[in-house]
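Keep in mind that the numbers below use all heavy atoms, side chains included, and drop hydrogens, waters and symmetry copies. Throughout, residue positions are numbered sequentially from 1 according to the sequence presented.
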Amino acid sequence: MDMEHETKPRPASVDFEKRAYYKSLWSNGQMPSIMIHEAIEFENSFCWGPERFFDNCKCGLKTLLGEILVPPVFEDFDEIFDEIKKGDKVIAKENSKWGVVLADGIGTWFIKPEFDFIGKGWNLRHVCKNDRWGVLDITKGEFLILPDCDKVFDYDGYLLNGGGIGIYERNGKIGIILDDGSFTEPLYEGEDVYKGFVTVKFNGQWGFLNKERSFTTKIDEAYYCYQLP
């Protein structure tokens with residue numbers, strides 16, 4: 001449980017009205033510069049995520065205004081801190097397995113519950129099934145990397161680290177995952193960073209990844225880099 005989000009108050013009806021006002025100003029390009037900090041502070045001061053509700057020990061989700069997003073027929077949900085709308089996708093648990101349901105008021109399965117674990121994140125999630133790991137795009141219901149890996153490295157529960165880089169391992173070699181959904185084959189013996197660029201070790205030699213995601217020892221051909229602040 002994320003304690004920072006847990007301790008944030010739930011908004012009241014008047015707060016939704018104020019939020020709609022701020023959003024209207026943003027979308028119309030009419031937000032005065034002196035109000036920008038105020039609007040951001042207001043947005044970050046509440047937990048806008050849906051509420052859990054229960055029926056016979058089963059769990060559902062509803063908006064803070066009471067609209068049912070997912071009926072109470074599931075064992076649990078992934079933690080949700082941001083507002084979700086009808087049709088959005090939600091990580092849900094049934095029969096001790098995790099999958100993805102649609103917030104359509106019915107709880108239609110988009111990805112059937114067959115995983116022992118689904119990680120945190122956004123579109124790309126690392127998943128575990130029968131002790132094998134892979135990477136799943138939950139917006140498409142398709143595997144980026146099939147669940148035949150020994151390990152997908154974890155960053156506080158997320159697939160990608162702060163620089164937008166993920167790493168997976170198969171047969172003792174690692175591959176690199178980029179936040180745009182591109183990835184390399186597991187060919188490398190190690191990974192690091194040099195001057196912001198991803199570096200990898202290949203056949204005992206350190207180098208970089210070029211635009212085609214191929215190994216190069218030339219820094220002027222290095223293409224993949226960390227999203228450093």
Find the distance between CZ (F110) and OG1 (T139) and round it off to the nearest 0.5 Å. 7.0 Å
Answer yes or no: is there a side-chain heavy-atom contact under 4.5 Å between E67 and K86? yes
Give a yes or no on whether L178 and L159 share a hydrophobic cluster (residues Ile, Leu, Val, Met, Phe, Trp, Tyr; joining criterion: side-chain heavy atoms under 4.5 Å apart). no
Taking the side chain as every heavy atom from C-beta outward, state whether P50 and I84 have any atom pair closer than 4.5 Å. yes
Side-chain donor or acceptor of D55 paired with backbone N/O of K58 under 3.5 Å: no
Could you please spell out the steps behind the side chain to side chain contact (heavy atoms under 4.5 Å, CB included) verdict for C128 and F115? CA-CA 6 Å; C128 182; F115 300 102; over 6 Å; no
So, taking the atom named CG in N171 and the one named SG in C149, what distance separates them when rounded to the nearest 0.5 Å? 9.0 Å
Are there over 12 heavy-atom neighbours, none belonging to Y194, within less than 6.0 Å of that residue's OH? no
Do other residues, nucleotides or ligands put more than 12 heavy atoms under 6.0 Å from K112 NZ? no
Using modelled atom types only, decide if a donor and an acceptor are shared between the side chain of D15 and the backbone of A12 within a distance under 3.5 Å. yes
Apply side-chain contact (heavy atoms from CB on, under 4.5 Å) to D156 and list each qualifying residue two or more places apart in sequence or on a separate chain. none
Can I167 be reached from V193 by stepping across I, L, V, M, F, W or Y side chains whose heavy atoms are under 4.5 Å apart? yes
Got a donor-acceptor contact below 3.5 angstrom from the E75 side chain to the N95 backbone? yes
Once you round to the nearest 0.5 Å, how far does CG of L69 lie from NZ of K85? 10.5 Å
Evaluate the ring planes of W133 and H126, with Trp represented by its six-membered ring, and classify them as parallel (under 30°), tilted (30 to 60°) or perpendicular (over 60°). parallel
Begin from the C-alpha positions of Y22 and F42 and carry the test ring pair (Phe, Tyr, Trp, His ring centres under 6.0 Å) through to its verdict. CA-CA 9 Å; Y22 284 139; F42 171 80; 5.6 Å; yes
F46 ring centre to K8 NZ or CZ under 6.0 Å, with the angle to the axis within 45°? no
State, to 0.1 Å, how close Y168 and V152 come at their nearest heavy-atom pair, and which atoms those are. CB-CG2, 4.0 Å
Tell me, with the steps shown, if V200 and I176 meet side chain to side chain contact (heavy atoms under 4.5 Å, CB included). CA-CA 9 Å; V200 290; I176 310 299; 4.0 Å; yes
With a distance cut-off below 6.0 Å to the six-membered ring centre and an angular limit of 45° from the axis, does K62 pair with F53 as a cation-pi contact? yes
F197/Y224 aromatic ring centres below 6.0 Å: no
Is the closest basic N to carboxylate O distance between K129 and E114 below 4.0 Å? yes
Describe, in one word, how the ring planes of W109 and F74 are oriented to each other, choosing from parallel (under 30°), tilted (30 to 60°) and perpendicular (over 60°). perpendicular
Within the supplied structure, the quantity of interest is the number of heavy atoms (other residues, nucleotides, ligands) at a distance under 6.0 Å from Y223 OH; does it exceed 12? no
With a 4.5 Å cut-off on side-chain heavy atoms, are F143 and V127 touching? yes
Electrostatic pair D116:K97 at N-O distance under 4.0 angstrom: yes
Using salt bridge (Lys or Arg N to Asp or Glu O under 4.0 Å) as the criterion, list what pairs up with R132, not counting sequence neighbours. D150
Is L187 reachable from I177 through a run of hydrophobic residues whose side-chain heavy atoms are each under 4.5 Å from the next? no
Mind listing the closest non-hydrogen atom pair of P9 and S45 along with its distance? CD-O, 3.3 Å
Flag, side chain of S24 to backbone of A20, donor-acceptor distance under 3.5 Å: no
G107 versus P71, closest heavy-atom pair with distance: N-CD, 3.6 Å
Would you say that R10 contacts C47 through its side chain, given a criterion of any heavy-atom pair below 4.5 Å between the two side chains? yes
Between L61 and V90, is any pair of side-chain heavy atoms under 4.5 Å apart? yes
Locate the shortest heavy-atom distance separating P32 from Q30; write the atom from each residue and the value. CD-O, 3.0 Å
Stepwise side chain to side chain contact (heavy atoms under 4.5 Å, CB included) check, D179 with W122: CA-CA 10 Å; D179 59 1; W122 290 269; over 6 Å; no
Just do the side chain to side chain contact (heavy atoms under 4.5 Å, CB included) check on L124 and Y158 with the steps written out, would you? CA-CA 9 Å; L124 298 179; Y158 291 86; over 6 Å; no
Supply the atom-to-atom distance S214 OG to E221 CD, rounded to the nearest 0.5 angstrom. 10.0 Å
Is there a chain of hydrophobic side chains (I, L, V, M, F, W, Y, each step under 4.5 Å between heavy atoms) that links I40 to M31? yes
Is the positively charged end of K18 above the ring of F16, judged by distance under 6.0 angstrom from the centroid and angle within 45° of the axis? no
Hey, quick one: are F153 and L160 part of the same hydrophobic cluster, counting side-chain heavy atoms closer than 4.5 Å, chains of contacts allowed? no
With distance as the sole test, does D180 use its side chain to make a donor-acceptor pair with the main-chain N or O of S182 at under 3.5 Å? yes
Are the side chains of F183 and R213 in touch, meaning some heavy atoms are under 4.5 Å apart? no
Could you check whether any side-chain heavy atom of I36 comes within less than 4.5 Å of a side-chain heavy atom of W26, counting everything from C-beta outward? yes
Does D220, at its CG atom, have more than 12 non-hydrogen atoms belonging to other residues, nucleotides or ligands within less than 6.0 Å? yes
Please indicate whether L65 has more than 12 foreign heavy atoms, meaning atoms of other residues, nucleotides or ligands, lying under 6.0 Å from its CG. yes
Whether the side chain of E189 engages the backbone of N203 through a donor-acceptor N/O pair (distance < 3.5 Å, no angle test) should be reported. yes
Nearest heavy atoms of D78 and R125, plus distance in Å: OD2-NH1, 3.5 Å
Nearest 0.5 angstrom please: K218 NZ to F208 CZ, how far? 12.5 Å
Within-4.5 Å side-chain heavy-atom neighbours: V101 and T108: no
Nearest 0.5 Å, please: how far is CG in L136 from CD1 in I118? 6.5 Å
Charged N to carboxylate O under 4.0 angstrom, R52 versus D76? yes
